[in-house]
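Worksheet: one structure, shown below.
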Amino acid sequence: EALQSALRWEEAIPELDRAIMLQPLNSSLYLMRGQLRSKLETFKKSNRPDSRGEDDLRKALSLSPLDPKANRTVINHYQVRKEYAKAEEVLQKFLKQVHYIVGLDKQLVQLQVLQRHLSDAANTLYQSSPSEEETSRLLVPLLSDIEAAHSGDGVSLVGKWLSTEGSSGF
């Protein structure tokens, strides 16, 4: 970790390799090495992408699937690379395993909007919003965008919500 902090990333990787050999089930070691490899790939801007950083991040997740830091790191890794579908996949899987972590529902909505999955984003927002006021404030512009893209879709979505819950005050 000291080498990483000193920005001597290339020197830190062999040290992490040795640490992983001694502790092959330590997810935080894979997480650190994956982050370093990903940063090096970004800074070197090589023409040949190196998947080892992503492989390490995935390994960290497989060893500790409920670790919020590992999940956020992998999600951010994919977001930076504009691989929104992969980021959403990791986030959806994590949200199924944990009850609630502040901010992840909004991150999921953001990923869905970036992929232009507006109806999914509206559903996610409607189901996870902590208050009716916040739901209305955030949903109205999103429903307007859905309606503008496909006339009737936004109205149908609201109708579906109202029929499944009676009347939610929306």
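In this chain, numbering begins with 1 at the start of the sequence shown.
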[X] and [Y]: which non-hydrogen atoms are nearest, and at how many Å?
X   : Y   : value
F94 : N71 : CD1-ND2, 3.2 Å
N26 : S28 : OD1-OG, 2.6 Å
Q97 : L66 : OE1-CD2, 3.1 Å
I20 : L29 : CG1-CB, 3.7 Å

Would you call [X] and [Y] a side-chain contact if the rule is heavy atoms closer than 4.5 Å?
X   : Y   : answer
L57 : L31 : yes
E89 : E83 : no
K69 : T73 : yes

With rounding to the nearest 0.5 Å, note down the distance linking [atom1] in [X] to [atom2] in [Y].
X    : Y    : atom1 : atom2 : value
H77  : R37  : NE2   : CZ    : 12.5 Å
L36  : I13  : CG    : CD1   : 5.5 Å
Q115 : D120 : CD    : CG    : 9.0 Å

field: Salt bridge flag under 4.0 Å for residues E15 and R18
entry: yes
statement: side chain to side chain donor-acceptor pair (under 3.5 Å) with T124: of Q92, H117, Q112, only one passes, and it is Q112
message: Using the rule that Ile, Leu, Val, Met, Phe, Trp and Tyr join whenever any side-chain heavy atoms are under 4.5 Å apart, tell me whether L25 and L16 fall into a single cluster.
response: yes
Side-chain donor/acceptor of [X] to backbone N/O of [Y], under 3.5 Å:
X    : Y    : result
E147 : V155 : yes
Y30  : D55  : no
Q79  : Y84  : no

For [X], check side-chain contact (heavy atoms from CB on, under 4.5 Å) against everything at least two apart and list the hits.
X    : answer
N123 : Q127, L157, K160, W161
S64  : S27, D67
L118 : V113, R116, L142, D145, I146

- prompt: Quick one: do the Y78 and E54 side chains pair a donor with an acceptor below 3.5 Å?
  reply: yes
task: Quickly, which of E10, R52, Q35 forms a side-chain contact (heavy atoms from CB on, under 4.5 Å) with L40? Name it, please.
output: E10
